[in-house]
Amino acid sequence: MKKVLMIILGLSGLGLSAQKKWSLRECVDYATEHNLQVIQNQYSKQIQDVNLKIAQNSYLPSVSANLGNNVSFGQASLGTGSIRNDVFRNNANVAADILVYNNGRLEKTIRKTQFDVEASQYDIETIKNDISLQIAQQYLTTLLNKEIVKIAQSATENAKKQFDRAKITTEVGTTAQTIVAEAEAAWAREKQNLKTAEINVGRSLFALAQLLQLQDYKNFDVENVEIGEQLSPQLISVDEVLNTAYESQPQIKAAESRIKSAEAQTEVTKTSFWPTLTASVGIGSFYNNLLNTNNVGNEFFYVNERSFFGQYKDNFGQQGGLSLNIPIFNKGITRLQVEQSKINENIAKNSLDQQKQAVRQNVQKAQFDVDANYEVYLAAVEAEKSTKLAMDFADKSYAAGRGTIYDLNIARNNYANAQGSVEQAKYNYLFSLKLLNFYAGIPLSL
């Protein structure tokens, strides 16, 4: 039993120590769900949702109840004299009123608020898109740094092999001691480069964890995605991407919704020129009690005061009415408010033009970067092939005794730099292509 328990605990420990590696999709989904900017905009949309409910509830009547108690003591005038008048009064009533007509103000207010809700939702999508692009760029930067670590590891291993070979040849006397010293120095430089590359991986992972707003960034890592060596040029035209972006990008849709909201607000403001017809109904009753006597009347005719519920029954009444409010002159404020609304319409239309301009510039820049980065990638691949060939020749020359270790180290450094340039160009091209595809409506993925 103890052995079984120890095995279970051991397996549990292995499961806990296994480090989760995040995919790009997981990073994007997590960030768009937990990012504080997204949450802030979600609160703003909730406010707009409540505003819409308030506007919709404006169709309902307003109902209020009133209950009053009043007591007075002292003399009351009666002809040329006065009498004692100590009175307790109680009254209760319920009233309701509803807007009957104001040139569709309620309907127009609801429509205006619906556009505000739409714009708030698009604002959330805009923030999510911005965060997704930041994460995609940092994710690819992390993958690039990991590739550079592989290049540095290979260079370090080759430098170690060169040092071991130089050490043997020096011991048997075929090479000078300086060869061993130079080989050891080259090995030390490659180990330093490897350490720097590993630190850069940690730095990029930390930056990505910060974007995700993770507290436990030390155990954070991403999946090792294999990027194909052969990259193909993109064939989508800028016009095609722009047409899709104009129709799908949330910042443009938000601007369009705000134009509709501003136009609807103008219509709402214009209703102040029209009369307002309000209907009202109510019921109520009251109770009076002379505190200094139980009788009501004069010296010739007395009546005993009715009980509380008896008076409420006798005094029960109903009322109804229609109220028409006709605007005549309010210092020209309504007309000025309409002018303000029209200015807000122009501001909203200008904002849409700005958003379209920004999207167009981003798409054009992405297209330029795609073309330029692809050309850089092709040039880097050719340079890598040439430096690889030069390194092979330098290695053979050194082994045959016709080249120096300095020439070999230079050739190897050139090849390592060329490999790094290929990876840099590859990931730059990949990100610019993903960005262009994103504007074309293609989701981010690897």
Side-chain angles (χ1 to χ4, degrees), residues 11-38 125 127-157 193-232 234 366 369-370 373-374 376-377 380-381 384 416 419-446:
L11 292 175
S12 300
L14 290 175
L16 291 174
S17 62
Q19 186 178 20
K20 171 183 170 59
K21 292 191 175 183
W22 295 55
S23 67
L24 175 59
R25 185 73 263 164
E26 288 175 328
C27 290
V28 170
D29 291 342
Y30 182 88
T32 53
E33 182 178 354
H34 297 86
N35 185 271
L36 295 180
Q37 287 181 294
V38 174
E125 297 303 319
I127 293 296
K128 288 182 177 181
N129 284 351
D130 293 341
I131 294 171
S132 298
L133 290 175
Q134 293 178 40
I135 288 174
Q137 185 175 24
Q138 190 60 44
Y139 197 98
L140 290 175
T141 299
T142 303
L143 295 181
L144 169 61
N145 288 335
K146 286 192 172 188
E147 291 298 322
I148 293 176
V149 166
K150 293 179 183 179
I151 295 172
Q153 287 174 341
S154 177
T156 303
E157 291 172 0
N193 293 336
L194 175 59
K195 179 56 66 177
T196 301
E198 291 172 344
I199 291 174
N200 287 336
V201 170
R203 183 177 287 110
S204 59
L205 283 172
F206 174 74
L208 183 55
Q210 292 291 95
L211 283 176
L212 295 174
Q213 298 176 350
L214 295 176
Q215 295 182 354
D216 185 17
Y217 63 87
K218 293 183 179 179
N219 296 320
F220 175 73
D221 199 4
V222 299
E223 291 181 346
N224 296 320
V225 181
E226 293 295 332
I227 306 297
E229 293 299 327
Q230 297 297 325
L231 301 181
S232 58
Q234 67 84 25
D369 289 342
V370 165
N373 290 334
Y374 186 70
V376 171
Y377 169 74
V381 170
E384 181 190 24
Q419 286 180 300
S421 297
V422 168
E423 295 300 325
Q424 181 75 56
K426 180 168 64 176
Y427 280 93
N428 286 344
Y429 172 74
L430 185 61
F431 176 74
S432 57
L433 183 61
K434 292 296 179 183
L435 180 60
L436 188 63
N437 290 340
F438 173 79
Y439 283 112
I442 302 174
L444 291 172
S445 63
L446 288 177

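- Considering only heavy atoms from C-beta on, Tyr30 comes within 4.5 Å of Leu214 through its side chain.
- For the atom pair Leu433 CG and Tyr429 OH, the distance stands at 4.5 Å (nearest 0.5 Å).
- In this structure, the side chain of Ser204 engages the main chain of Val201 through a donor-acceptor pair within 3.5 Å.
- Closest non-hydrogen pair, Ala425 versus Ala380, comes out as CB-CB, 4.4 Å.
- Counting heavy atoms from C-beta on, the side chains of Thr196 and Ile199 never come closer than 4.5 Å.
- Residues Phe220 and Phe206 form no side-chain contact, since every pair of their non-hydrogen atoms from C-beta on lies 4.5 Å or further apart.
- Residues Gln137 and Phe431 come closest through the heavy atom pair CB-CE1, 3.3 Å.
- To the nearest 0.5 Å, atoms CD (Glu223) and SG (Cys27) are separated by 8.5 Å.
- Between Glu384 atom CD and Tyr377 atom OH the span is 8.5 Å, to the nearest 0.5 Å.
- Closest non-hydrogen pair, Tyr139 versus Leu208, comes out as CD1-CD2, 3.9 Å.
- Residues Gly420 and Ile151 come closest through the heavy atom pair N-CD1, 3.7 Å.
- Contact of the Leu211 side chain with the Ile131 side chain is not registered, since no non-hydrogen atoms from C-beta on lie closer than 4.5 Å.
- Residues Lys21 and Asn224 form a side-chain contact, since some pair of their non-hydrogen atoms from C-beta on lies under 4.5 Å apart.
- The two residues Leu212 and Ala31 make their nearest non-hydrogen contact at CD2-CB, 3.7 Å.
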side-chain hydrogen bond (donor to acceptor under 3.5 Å, both in side chains), that's the test. Do Asn428 and Gln424 meet it? Break it down for me. CA-CA 6 Å; Asn428 286 344; Gln424 181 75 56; 3.3 Å; yes
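- Taken to the nearest 0.5 Å, the OH atom of Tyr427 stands 10.0 Å off from the OG1 atom of Thr141.
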Working for salt bridge (charged side-chain N to carboxylate O under 4.0 Å, His left out), residues Lys146 and Asp221: CA-CA 11 Å; Lys146 286 192 172 188; Asp221 199 4; 2.9 Å; yes
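- Taken to the nearest 0.5 Å, the CD atom of Glu198 stands 12.5 Å off from the CD1 atom of Ile148.
- Between the CD1 atom of Ile135 and the NZ atom of Lys128 there is a distance of 12.0 Å, given to the nearest 0.5 Å.
- Looking only at side-chain heavy atoms (C-beta outward), Glu33 and Val38 stay at 4.5 Å or farther from each other.
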When you look at Lys20 and Glu26, which way does the salt bridge (charged side-chain N to carboxylate O under 4.0 Å, His left out) test go after all the steps? CA-CA 11 Å; Lys20 171 183 170 59; Glu26 288 175 328; 3.2 Å; yes
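- Between Asn200 and Asn145 the shortest heavy-atom distance is O-ND2, 3.3 Å.
- A heavy-atom distance below 4.5 Å is found between the side chains of Ser132 and Thr32.
- Within the 4.5 Å cutoff, side-chain heavy atoms of Phe438 are placed close to those of Leu133.
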